[in-house]
Chemist: 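Sharing a structure here in structure tokens format.
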Amino acid sequence: MCGELGKADIGSRVALAGWVQKRRDLGGLIFLDLRDRSGIVQVVFNPDLNKGAYELAQEVRGEYVVKVEGEVTARPEGTVNPSIPTGEVEVRADALEVLNAARTPPFYIIENVDADETLRLKYRYLDLRRPDMQRNLILRHKIMMAIRRYLDAEGFVEIETPMLTRSTPEGARDYVVPSRVNPGCFYALPQSPQLFKQLLMVAGMDRYFQIVRCFRDEDLRADRQPEFTQVDMEMSFVEPEDVMMCAEGLVAEVVREVTGLSVRRPFLRLTYREAMDRYGSDKPDTRFGMEIKDVSGVVADSGFKVFSECIASGGKVKAIVVQGGAKFSRKEIDALADFVKGCGARGLAWVAVEGERFRSPIAKFFDEAGLARLANAAGASEGDLILVVADAPAVVSEALGRLRVHLARKLGLIDGEGDGGGQGRGQLAFVWVTQFPLLEYDEEEGRNVAVHHPFTSPVDEDIDLLETDPLSVRAKSYDLVLNGVELGGGSIRIHRRDIQERMFRALGMRPEEAQDKFGFLLEAFEYGTPPHGGIAFGLDRFVMLLAGRDSIRDVIAFPKTQRAVCLMTGAPAPITDRQRQELHL
RNA sequence: GGAGGCGUGGUGCAGUGGUCUAACAUGCCUGCCUGUCACGCAGGAGAUCGCGGGUUCGACUCCCGUCGCCUCCGCCA
């Protein structure tokens, strides 16, 4: 292997095959940098050693696949190259074979290439020759191996579940596959193996896992592809605590194995309520502070009508503090105001704490003591900037939550950020967010829908609220968040038919429909179903974060574009009339 | 479905109404060069400026539409 040669190999004869990274023709002497997965080594062609090989080396170009034979030698005095791992040696070639010529590639096969992603995706097989992409794929492999090793040792059994399954209501749009044998009928590709893994619990396979492809026909993002990989787990006879501890153990071990970093356990835990109150997000980035403070109490009776009237009509007034932000220019603050307006808030009030005084466009509505109380409630001190949003509670949380992250990026408060190129992954801040609401109201559907999925168990003491006050029912659910990215989520499931039926009813599903779509599950629950629960991780996102990248496309060998197209194969594409007929389309 | 950004030799970019017969770097081709490693030196080829329409005496540049890629919102049980 090219990149592994070193001083220890001096004197030995080697045969190397690889790609030509670079040819340097000095006239009477030719150097080739030969590359394979392991790295690069310099090969020298000297006409004195083998005239034929030297002459053939003149024909060679970048990305030619060649085979070289020769002796590993120490480089002559003064020609050692300390900038590459194999820089102390070189291969004196006495034989050269061109295994395959190559056209000039459309972009450079180098680390951190600055090429249009369209090109990279069209020629993905060339993009994947680049060392950083190879590192990402190898990291992904190592992570998958570590997961399998850990879960196997913990007694989990990997079991495959069908890719051709049934379309179910709720959730994302399905990818659908027409059935030739059953005219007019369709399979759906799984959004997750949810029901199958629950049925494996019914089957007594009390610790299941699977590294499994899932499909969702929704719009794409930097961290969302139409097909993605989940690490899916399910366990019987467990409480949330058991699943979380097991998942933590897995994640911590994987991180340790592939990065050498030890992760502090147990992970920070927040209830959904706390996360929304303190961070304005159900996936809080806890790598930095700047927590949200409720200042409603200290401004309710102020002369500032925007605040007092907001509170009187059920709204909230909350604030975040930018340390040292008093020096922000008016223009910078205006930009922040535009940002929160983009998040749906009506506006942004601000107070700069300068010495004993306060500078603020709303200062005239407060007396000095009122502003001091506000600063105190917000936790601001000398030189800080208080940013205040008054609106409906959900709007305030959303706006300040996003403003908080926006500011942290802008101010460089996040360790290791700002180089999505993968140089550093920085800090890893894990946090559990527990007890999400079980249901939320969906305007479009005109009914309540499951926040997690319809098989999530309510918290015991909330069960009877299902009929009386469904939106206040909390779920036995838990999301694992890493650096503000949702890494995984799971829950304890419903394992009793009567409760599952109540859940379906709460979702506005008629009993006949429940029977038609989920009859097999309800029936299974009548045959001795153990209490069970589990979790699923987004493998692509996990690899992305550990690789320090900012798109999962960089850790997927053959990803799709934002329009869900594969630029290399041209999928999706029309099918022939004949295929259409066979499929009854 | 919506908002924004980008699209100029192979690649990365400059050019914001005429001086563009489109600059620069790199790559590519040819020649020279025996210690280079971002090799060097000399020469050369390579672009109907994403596509279509419009405004204008004149459009890479302005306007409209369209296509592609990216980011975000909606969406993602």
Side-chain angles (χ1 to χ4, degrees), chain A residues 21-34 40-49 54 58 61-63 73 75-84 86-87 90 92 103-110 112-123 126 167-174 190-192 194-195 214-226 228 339 342-344 398 402 406 420 436 438-440 442-445 448-456 475 477 486 489-491 503-504 507 509 517-518 536 538 550-551 553 560-563 565 567:
Chain A
Q21 178 70 32
K22 188 83 191 177
R23 183 182 57 116
R24 288 180 296 280
D25 185 344
L26 271 59
L29 198 61
I30 295 173
F31 295 96
L32 290 189
D33 289 339
L34 192 64
I40 283 178
V41 70
Q42 174 166 280
V43 181
V44 201
F45 290 87
N46 192 321
D48 303 336
L49 201 57
Y54 168 80
Q58 291 180 315
R61 294 294 181 271
E63 298 310 308
T73 59
R75 292 202 188 183
E77 192 84 21
T79 65
V80 166
N81 182 355
S83 63
I84 61 170
T86 60
E90 62 191 10
R92 296 224 168 128
R103 290 166 61 184
T104 302
F107 51 85
Y108 307 114
I109 311 299
I110 51 167
N112 300 323
V113 73
D114 186 17
D116 192 300
E117 196 168 0
T118 313
L119 266 184
R120 291 177 51 205
L121 290 174
K122 181 172 178 192
Y123 298 98
L126 298 179
S167 180
T168 53
E170 309 284 318
R173 239 171 251 118
D174 283 318
Q191 296 177 28
S192 88
Q194 183 61 34
L195 293 174
C214 300
F215 304 86
R216 292 177 191 174
D217 186 5
E218 297 292 347
D219 288 345
L220 287 79
R221 288 283 192 286
D223 62 354
R224 276 167 28 191
Q225 284 273 307
F228 62 100
F339 182 87
C343 303
E398 163 93 9
R402 284 172 53 182
H406 175 75
F436 278 65
L438 187 71
L439 301 163
E440 67 189 345
D442 184 315
E443 295 282 350
E444 215 170 299
E445 296 268 325
N448 291 334
V449 298
V451 168
H452 193 49
H453 58 54
F455 317 105
T456 303
S477 68
E486 183 192 332
S491 62
M503 177 65 176
F504 286 147
L507 294 170
M509 199 183 295
K517 303 280 174 49
F518 298 111
D550 44 28
S551 166
R553 289 189 301 275
K560 293 179 177 60
T561 68
Q562 199 167 50
R563 292 278 304 282
V565 165
L567 293 178

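Reminder, nothing fancy here: chain letters follow the sequence lines and each chain counts from 1. Note that these values count all heavy atoms, side chains included, but never hydrogens, waters or copies made by symmetry. Bear in mind the structure is a predicted one, so any value in this text is a computation, not a measurement.
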Chemist: Just to verify, what does Asp25(A) make a salt bridge (charged side-chain N to carboxylate O under 4.0 Å, His left out) with, not counting sequence neighbours?
Modeler: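 Scan of Asp25(A) (salt bridge (charged side-chain N to carboxylate O under 4.0 Å, His left out), adjacent residues dropped) gives Arg23(A).
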Chemist: Rounding to an integer number of Å, can you tell me how far Arg563(A) CZ sits from rU66(B) C1'?
Modeler: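 In whole Å, rU66(B) C1' and Arg563(A) CZ are 12 Å from each other.
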Chemist: Between Pro169(A) and Met509(A), what is the shortest heavy-atom contact and its length?
Modeler: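 Looks like CG-CE, 4.4 Å.
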Chemist: Classify Pro106(A) by what it touches in the nucleic acid, base, sugar-phosphate, or nothing, heavy-atom distance under 4.0 Å.
Modeler: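 The answer is sugar-phosphate, as Pro106(A) gets under 4.0 Å only of primed atoms, P, OP1 or OP2.
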Chemist: Are any side-chain N or O atoms of Gln21(A) and backbone N or O atoms of Ile109(A), one a donor and one an acceptor, separated by less than 3.5 Å?
Modeler: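 Yes.
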Chemist: Between rG74(B), rC73(B), rC70(B), which nucleotide gets closest to the side-chain atoms of Asp219(A)?
Modeler: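 For Asp219(A), the side-chain atoms sit closest to rG74(B).
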Chemist: Report which part of the nucleic acid Arg553(A) touches: base, sugar-phosphate, or nothing (heavy-atom distance under 4.0 Å, all strands).
Modeler: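 Result for Arg553(A) = sugar-phosphate.
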Chemist: Whole-Å distance between rG68(B) C1' and Leu567(A) CG?
Modeler: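 Leu567(A) atom CG is separated from rG68(B) atom C1' by 9 Å.
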Chemist: What are the two closest heavy atoms between Arg553(A) and Ala222(A), and how far apart are they?
Modeler: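 Where Arg553(A) meets Ala222(A) most closely, the heavy atoms are NH1-CA, 4.2 Å.
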Chemist: State whether the number of non-hydrogen atoms from other residues, nucleotides or ligands found under 6.0 Å of Glu444(A) atom CD is greater than 12.
Modeler: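 No.
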Chemist: Give one of base, sugar-phosphate or nothing for Ser192(A), where a contact means two heavy atoms less than 4.0 Å apart.
Modeler: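 If one applies the 4.0 Å heavy-atom cut-off, Ser192(A) turns out to touch a base.
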Chemist: How is Phe31(A) classified with respect to the nucleic acid when contacts are heavy atoms under 4.0 Å: base, sugar-phosphate, or nothing?
Modeler: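 Touches a base.
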Chemist: Rounded to the nearest Å, what distance is computed from the CG atom of residue Asp442(A) to the P atom of nucleotide rC75(B)?
Modeler: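 Distance, rounded to whole Å: 8 Å.
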Chemist: When you compare rU56(B) with rU11(B), how far apart are their C1' atoms, in angstrom units rounded to a whole number?
Modeler: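 Looking at atom C1' only, rU56(B) and rU11(B) are 35 Å apart.
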Chemist: Would you say the base of rG12(B) and the side-chain of Asp116(A) have a donor-acceptor pair closer than 3.5 Å?
Modeler: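 For Asp116(A), whose side chain was compared with the base of rG12(B), there is no donor-acceptor pair (under 3.5 Å).
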Chemist: Grab the CG-C1' distance between Asp174(A) and rC75(B) for me, whole Å please.
Modeler: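 So the CG-C1' distance, Asp174(A) to rC75(B), works out to 14 Å.
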Chemist: Work out how far the C1' atom of rG17(B) is from that of rG54(B), and round it to whole angstrom.
Modeler: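 Per the computed distance, 16 Å lies between those C1' atoms.
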Chemist: rC39(B) P sits how many Å from Lys22(A) NZ, rounded?
Modeler: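 Going from Lys22(A) (NZ) to rC39(B) (P), I get 4 Å.
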Chemist: Which one is paired to rC62(B), where only Watson-Crick or G-U wobble pairs with both distances under 3.5 angstrom count?
Modeler: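 When the pairing criteria are applied, rG54(B) turns out to be the nucleotide that pairs with rC62(B).
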Chemist: Under the 3.5 Å rule, do the base of rC37(B) and the side chain of Arg75(A) count as making a donor-acceptor pair?
Modeler: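 Such a pair is found, so the answer is yes.
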Chemist: Between rC60(B) and rG44(B), how far is it from one C1' atom to the other, in whole Å?
Modeler: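 Those two atoms are separated by 26 Å.
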Chemist: With rounding to the closest Å, how many angstrom separate the P atoms on rG65(B) and rG5(B)?
Modeler: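 Comparing P positions in rG65(B) and rG5(B) gives a spacing of 14 Å.
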Chemist: So if I take every side-chain heavy atom of Arg92(A) and compare against rG35(B), rG68(B), rC75(B), which nucleotide ends up nearest?
Modeler: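 So the nucleotide nearest the side chain must be rG35(B).
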Chemist: Should rC20(B) form a Watson-Crick or G-U wobble pair with both distances under 3.5 Å, which nucleotide is its partner?
Modeler: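 No nucleotide pairs with rC20(B).
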Chemist: Identify whether any heavy atom of Arg221(A) sits under 4.0 Å from a base atom; if not, whether one sits that close to sugar-phosphate; answer base, sugar-phosphate or nothing.
Modeler: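 If one applies the 4.0 Å heavy-atom cut-off, Arg221(A) turns out to touch a base.
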Chemist: Without decimals, in angstroms, what is the distance between His406(A) NE2 and rC73(B) P?
Modeler: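 So the two atoms are 14 Å apart, to the nearest Å.
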Chemist: Considering non-hydrogen atoms only, spot the tightest contact between Ser477(A) and Thr456(A) and give its length.
Modeler: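 Where Ser477(A) meets Thr456(A) most closely, the heavy atoms are CB-CG2, 4.4 Å.
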Chemist: Provide the Watson-Crick or G-U wobble partner of rA3(B), both distances under 3.5 Å; none if there is no partner.
Modeler: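 In the structure as shown, rA3(B) has rU71(B) as its Watson-Crick or wobble partner.
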Chemist: List, with names and distances, any nitrogen or oxygen atoms from the protein found under 3.5 Å away from nitrogen or oxygen atoms belonging to nucleotides 41-44 of chain B.
Modeler:
none

Chemist: Any base atoms under 4.0 Å from Tyr108(A), or only sugar-phosphate, or nothing? Heavy atoms, all strands.
Modeler: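 Result for Tyr108(A) = base.
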Chemist: With distance as the sole test, does Glu218(A) use its side chain to make a donor-acceptor pair with the main-chain N or O of Arg173(A) at under 3.5 Å?
Modeler: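 Present.
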Chemist: Just to verify, what does Lys122(A) make a salt bridge (charged side-chain N to carboxylate O under 4.0 Å, His left out) with, not counting sequence neighbours?
Modeler: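 For Lys122(A) there are no salt bridge (charged side-chain N to carboxylate O under 4.0 Å, His left out) partners, ignoring immediate neighbours.
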Chemist: What contact category does Leu507(A) fall into here, base, sugar-phosphate, or nothing, at under 4.0 angstrom with non-hydrogen atoms?
Modeler: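 Contact class for Leu507(A): none.
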Chemist: Students often get this wrong, so: under 4.0 angstrom with heavy atoms, is Thr79(A) touching a base, only sugar-phosphate, or nothing?
Modeler: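 Thr79(A): base contact, heavy atoms under 4.0 Å.
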Chemist: Which heavy atom in Phe228(A) sits nearest to a heavy atom in Gln191(A), and how many Å separate them?
Modeler: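 Where Phe228(A) meets Gln191(A) most closely, the heavy atoms are CZ-O, 4.2 Å.
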Chemist: Closer to the 5' end of RNA chain B via nearest nucleotide, is it Lys560(A) or Ala172(A)?
Modeler: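 Counting from the 5' end, the first nearest nucleotide belongs to Lys560(A).
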Chemist: Select base, sugar-phosphate, or nothing to describe what Val113(A) touches, counting heavy atoms under 4.0 Å on all strands.
Modeler: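 Since no nucleic acid heavy atom lies under 4.0 Å of Val113(A), the category is nothing.
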Chemist: Work out how far the C1' atom of rA25(B) is from that of rA14(B), and round it to whole angstrom.
Modeler: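 Taking atom C1' in both rA25(B) and rA14(B), they lie 11 Å apart.
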Chemist: Which heavy atom in Tyr54(A) sits nearest to a heavy atom in Phe45(A), and how many Å separate them?
Modeler: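 Smallest interatomic distance, heavy atoms only, reads CD1-O, 3.6 Å.
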Chemist: Answer with yes or no whether Glu90(A) presents, from its side chain, a donor or acceptor under 3.5 Å of a partner atom in the base of rG35(B).
Modeler: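 Looking at the base of rG35(B), it does pair with a donor or acceptor on the side chain of Glu90(A) (distance under 3.5 Å).
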Chemist: Is a donor on one side and an acceptor on the other found under 3.5 Å between the side chain of Thr86(A) and the backbone of Ile40(A)?
Modeler: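 Side chain of Thr86(A) to backbone of Ile40(A), a donor-acceptor pair under 3.5 Å: yes, one is there.
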Chemist: Would you mind telling me which of rC39(B), rC37(B), rC76(B) lies closest to the side-chain atoms of Glu218(A)?
Modeler: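 Closest of the options to the side chain of Glu218(A): rC76(B).
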Chemist: Please compare Asn46(A) and Pro105(A) by the position of their nearest nucleotide in RNA chain B and report the one closer to 5'.
Modeler: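 Here Pro105(A) is the residue nearer the 5' end.
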Chemist: Distance check, P atoms only: rC32(B) and rC13(B), in whole angstrom units.
Modeler: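 Here rC32(B) and rC13(B) have their P atoms 36 Å from each other.
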Chemist: Under the salt bridge (charged side-chain N to carboxylate O under 4.0 Å, His left out) rule, collect the residues that match up with Arg24(A), sequence neighbours excluded.
Modeler: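 Scan of Arg24(A) (salt bridge (charged side-chain N to carboxylate O under 4.0 Å, His left out), adjacent residues dropped) gives Asp33(A).
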Chemist: OP1, OP2 of rG68(B) versus side-chain N and O of Lys122(A): anything below 4.0 Å?
Modeler: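 No, Lys122(A) has no side-chain N/O under 4.0 Å of OP1/OP2 on rG68(B).
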Chemist: Would you measure the distance from the P atom in rG7(B) across to the matching atom in rC75(B) and give it in whole Å?
Modeler: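 Approximately 32 Å lies between the P atom of rG7(B) and that of rC75(B).
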Chemist: Establish whether the base of rC76(B) is bridged to the side chain of Arg224(A) by a donor-acceptor pair shorter than 3.5 Å.
Modeler: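 Present.
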Chemist: Is Arg24(A) close enough to rC39(B) that one of its side-chain N or O atoms is under 4.0 Å from OP1 or OP2 there?
Modeler: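 Yes, because at least one side-chain N or O of Arg24(A) sits under 4.0 Å from OP1 or OP2 of rC39(B).
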Chemist: Without decimals, in angstroms, what is the distance between Leu220(A) CG and rC70(B) P?
Modeler: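 After rounding, the gap between these two atoms is 8 Å.
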Chemist: Where does the angle between the aromatic ring planes of Phe504(A) and Phe518(A) fall among parallel (under 30°), tilted (30 to 60°) and perpendicular (over 60°)?
Modeler: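 Ring orientation, 0 to 90° scale: parallel.
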Chemist: Tell me the interatomic distance from Leu119(A), atom CG, to rG27(B), atom C1', rounded to whole angstroms.
Modeler: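 Rounding to the nearest Å, CG of Leu119(A) and C1' of rG27(B) are 14 Å apart.
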Chemist: Could you check which nucleotide pairs with rU34(B) in any of the strands shown, counting Watson-Crick or G-U wobble with both distances under 3.5 Å?
Modeler: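 Here rU34(B) is not engaged in any pair, so there is no nucleotide opposite it.
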Chemist: To check you understand the geometry: which heavy-atom pair defines the closest contact between Ile84(A) and Arg75(A), and what is its length?
Modeler: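 Minimum heavy-atom contact is CD1-NH2, 4.0 Å.
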Chemist: Set out, line by line, the N/O atom pairs under 3.5 Å between protein and nucleotides 29-32 of chain B.
Modeler:
from	atom 1	to	atom 2	distance (Å)
rC29(B)	OP1	Arg61(A)	NE	2.7
rU30(B)	OP2	Arg61(A)	NH2	3.4

Chemist: What does Asp114(A) touch in the nucleic acid at a heavy-atom separation under 4.0 angstrom: a base, only the sugar-phosphate, or nothing?
Modeler: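 Since only primed, P, OP1 and OP2 atoms lie under 4.0 Å of Asp114(A), the category is sugar-phosphate.
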Chemist: Are any side-chain N or O atoms of Glu170(A) and backbone N or O atoms of Val449(A), one a donor and one an acceptor, separated by less than 3.5 Å?
Modeler: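 Not at all, since once roles are kept as given, no pair shorter than 3.5 Å links the two residues.
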Chemist: Find every protein N or O atom lying less than 3.5 Å from an N or O atom of nucleotides 3-6 of chain B, and list the pairs.
Modeler:
none

Chemist: Expressed in whole Å, how much space separates the P atoms belonging to rU61(B) and rU48(B)?
Modeler: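 Each nucleotide's P atom is 15 Å from the other's.
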